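Contents: one structure, followed by commentary.
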Amino acid sequence: MDMITMEQKWRKRWEETNLYSFDRTRTDKKLYCLEMFSYPSAAKLHAGHWYNYGPTDSWARFKRMQGYNVFHPMGFDAFGLPAENFAIKTGIHPKDSTLQNIATMEGQLRNIGASFDWEYELVTCLPEYYKWTQWMFVQMYKHGLAERREAPVNWCPSCNTVLANEQVMGDGTCERCHTIVERRNLTQWFFKITKYADELLADLDKLDWPEKTKQMQRNWIGKSVGSEVVFKIEGCDEPMRVFTTRADTLFGVTYAVLAPEHPLVDIITTEECREAVEEYKVMASRASEIDRLSTTREKTGTFTGAYAINPVNGRKVPIYIADYVLASYGTGAVMAVPAHDERDFAFATKYNLPIERVIAGNEGVEDELPFCSHDGHLVNSQQFDGMGVDEGREAITAWLKEKEEGDFKVNFRLRDWLVSRQRYWGAPIPIVYCDKCGTVPVPEEQLPVELPYDVDFTPDGQSPLKKHAGFMNCKCPVCGGDATRDPDTLDTFVCSSWYFLRYPDNKNAEKPFDTEWINQILPVDKYVGGAEHACMHLLYARFFVKALRDMGYVNFDEPFKSLVHQGIILGPDGYRMSKSRGNVVSPDEFVEKYGSDVFRMYLMFCFSYVEGGPWNTDGILAINRFLERVERFVVSSLEMKGEGVYEKAEKELDAVRHYTIAQVTADTDKFQFNTAIARIMELFNALYKYTANNDNINGKLVQDIVRDSVLILAPFVPHMAEELWEMLGNEYSVFNQAWPVHDPAKLVRDESEIAVQVNGKVRARVVVRTDAESDEVQQIVLADEKVAAAIDGKNVVKFVYIKGRLANIVVK
RNA sequence: GCGGGCGUGGCGGAAUGGCAGACGCGCUGGAUUUAGGUUCCAGUGUCCAAGUGACGUAAGAGUUCAAGUCUCUUCGUCCGCACCA
């Protein structure tokens, strides 16, 4: 079979007959199958794209054959940094390069033979899409979920530009010029995802997602139950608020620490300390967050000269600044209890600060300082002495609450989502600033705020759009007076946080989507994409859906009911494919030589889907060989004669057929494609075995099984299955056929061979009736001479029987 | 550093707590073929005294009649860490 010509023939036929067109009338059995859309940064599909889209497409085809009305769209996540950087390097405009890349990739996606319905395609960088991304921003703003405030960015003082974290090297320098990167505050927009922290955490339990992904989101959200305590500062009207999970240790506070970026720092620092504090702030602005949170890194800090008053005992404690305290977590201030916290202990030891025990270990508990265990009770804590750790925490917080110097507080690690980007290639933020009216959202009828084409986006310290007078200067939508636009663009994660809502209604010019329609098609039933999105894209999308639900635009709580992560295809050397390593394998040459079916099945057979693994070209030859073996058998089966014989051999062959159907169905459903294909290989091995050296075959039975085998092969090798299906004399299309269902009765065996263990070691095998009970099996087994020899006259103390599989005799 | 994975033959990988290594690659042997990067069949974890044998799932301990699987410790490795998408 010439795979290449054959595949082209069927792709043409599929397109002409609109085989994959979604039926909008049958929403009762709808199934929304979605792969994460691709980013057109390179013109060609790489192995990773193939690995995401090929197997998932097979799953979608399998579901279609099971009778589901499958909605399977594809599109492009087209805004983003790489196109802009490419433009800075080459002078090619991001819009031109992106649209060119999309055209090429779309052609390739059609050629992998996937069942996408291209009628529903979307491209996020086109005005008809980003109009609604901007609309989303306006809704967030109107519902109090978008807020403008100061936030730090990475700043390269030499390039005079904002850098993405990706552009900052491991040593904290700029990737372009190797200058040390600093942090600078800019006023930027945030989405208040933290408002949904509790629900985002709780609803994880409802999702059919990989447990590890849910765990990662739980940790990312980082709920922590504790107390907020108010410390007055000497000579300052504004108090210092600290968050702590250990209010029980309040009597042991010997100093306090502010993050170097904390707004109080400038107010409270005394003249003598100012120089050291300023110096320290500069140093801290150069350390990365990962470094700052490292528990092994040496703690540093400096005294501000100011003192705080501990509300539980009125004691004066010095206030330091230190970079192990982050402005972005909690209140940006901590109380330090060196006796009962590792980090505080290290810091106090280094700077000679007092260390005072307030928790003693319970009976028999080793309590050398720092003693951080909860297995203790309060000491040196006045009226609270003797209380347990948890009891003390509650009692002290309740007491502070009464005095209005503290309260119970739940804190999250999750931070609000910074969506402003000082870049060109993104959706402009639809906000206008007017001297008279202030911050004004652009009204819906004026959307989209179009991204101008002729913009100078070479880095020079400003957002590129700020330099475009035609874009920046506008009229205020409220008063009509002169006003200016927000010069920033939206984080591309905003575009990808709602695209799955747009697909089913992608041509709607009136609204982002029709609520009633979307409520029928959503949520996405199966979402497939990389695990690297666990904490960001997947969390942002969940937040969007919850926010839109509360605004009344959708009636469901979660975007993705069921989630699967594909693994990563590594280079042949076992390392991640990268140009610099020179281990990149391109799918193209293999697809051109063997066809897309062979390539797809190779990806599905040679790896565990969720694990991935190193590339191995031999596997492609193996699949090619297997498919040739399939074709030879199907062709030869056409000539087979004979029917009516149904003896032991036929019964066995038929059992293999039904076992295969059962296993392939179950495994494919769970994305365990490699084992599903292994079972199909076994079926063909059994078919070959049955027909070899057998002059009295049941040709009718064989042909019947071949028919089923083509059906169960269809999702994995769609083009070839169409060809074989036609060859067998059937009507187009194999994908309009019902998926075979196995007959459990054909699987039942009267007798089973079981393994017999003596003290856990296999000593014999015996054949028993499959439905025999434990007592009966025990008698048969003990009568076996090998077993008797192994028991060797010892006493049987226990007998365990696992039906049809194994018996274990415990002797002493 | 923190968080989350993973670790099984020469290789890719299988194993609801129940006979470790399915299926495939590679290798060995046989048959077919003028020929083969063909096809078909058989064998293939390690060790030895070759068996109704011993050992064997990164290392060490534990729970269990039974552990690759559950628990703890250690080592190695990969991914994410909020401006790559």
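None of the values given here were measured: they were computed from a predicted structure. Below, chain A is the first sequence line, B the second, and so on; all start at residue 1.
Within a 6.0 Å sphere centred on NZ of A:K214, heavy atoms belonging to other residues, nucleotides or ligands number more than 12.
Comparing atom distances between the A:W220 side chain and each of B:A22, B:G4, B:C81 picks out B:C81 as nearest. Out of B:G24, B:G13, B:C83, the shortest distance to the side chain of A:S608 is found at B:G13. Side-chain proximity of A:D618 to the nucleotides B:A85, B:C25, B:A66 is greatest for B:C25. Distances were taken from every side-chain heavy atom of A:E682 (C-beta onward) to each of B:C25, B:C81, B:A22; the shortest belongs to B:A22. Of the candidates B:G5, B:C19, B:G3, the closest approach to any side-chain atom of A:K212 belongs to B:G5. Nearest nucleotide to the A:R679 side chain, out of B:C23, B:G3, B:A66: B:C23.
Taking side-chain N and O atoms only, A:R413 has no distance below 4.0 Å to OP1 or OP2 of B:C81. Residue A:K798 places at least one side-chain N or O closer than 4.0 Å to OP1 or OP2 of B:C65. A sub-4.0 Å separation between OP1 or OP2 of B:G26 and a side-chain N or O of A:R625 is present. Contact check, A:N219 against B:G4: a side-chain N or O comes under 4.0 Å of OP1 or OP2.
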What's touching nucleotides 10-12 of chain B from the protein side, N or O pairs under 3.5 Å?
unit_1, atom_1, unit_2, atom_2, d
B:G12, O2', A:C606, O, 2.3

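Between A:I754 and the choices A:T770, A:L806, A:V766, the side-chain contact (heavy atoms from CB on, under 4.5 Å) rule is met once, by A:V766.
The cationic group of A:R415 does not satisfy the cation-pi geometry with A:Y329, failing either the under 6.0 Å distance to the six-membered ring centre or the 45° limit from the ring axis.
Taking the O4'-C1'-N9-C4 or O4'-C1'-N1-C2 dihedral as appropriate, B:G9 has a value within 90° of 0 and is therefore syn.
Of the two residues contacting RNA chain B, namely A:R632 and A:R576, the nearest-nucleotide position lying further toward the 5' end is that of A:R632. For the pair A:Q672 and A:K761, both in contact range of RNA chain B, the more 5′-proximal nearest nucleotide belongs to A:Q672.
With a 3.5 Å limit on both pairing distances and Watson-Crick or G-U wobble geometry required, the stems of 3 or more pairs in RNA chain B span B:1-7 with B:75-81, B:10-12 with B:23-25, B:26-31 with B:39-44, B:45-47 with B:53-55, B:58-62 with B:70-74.
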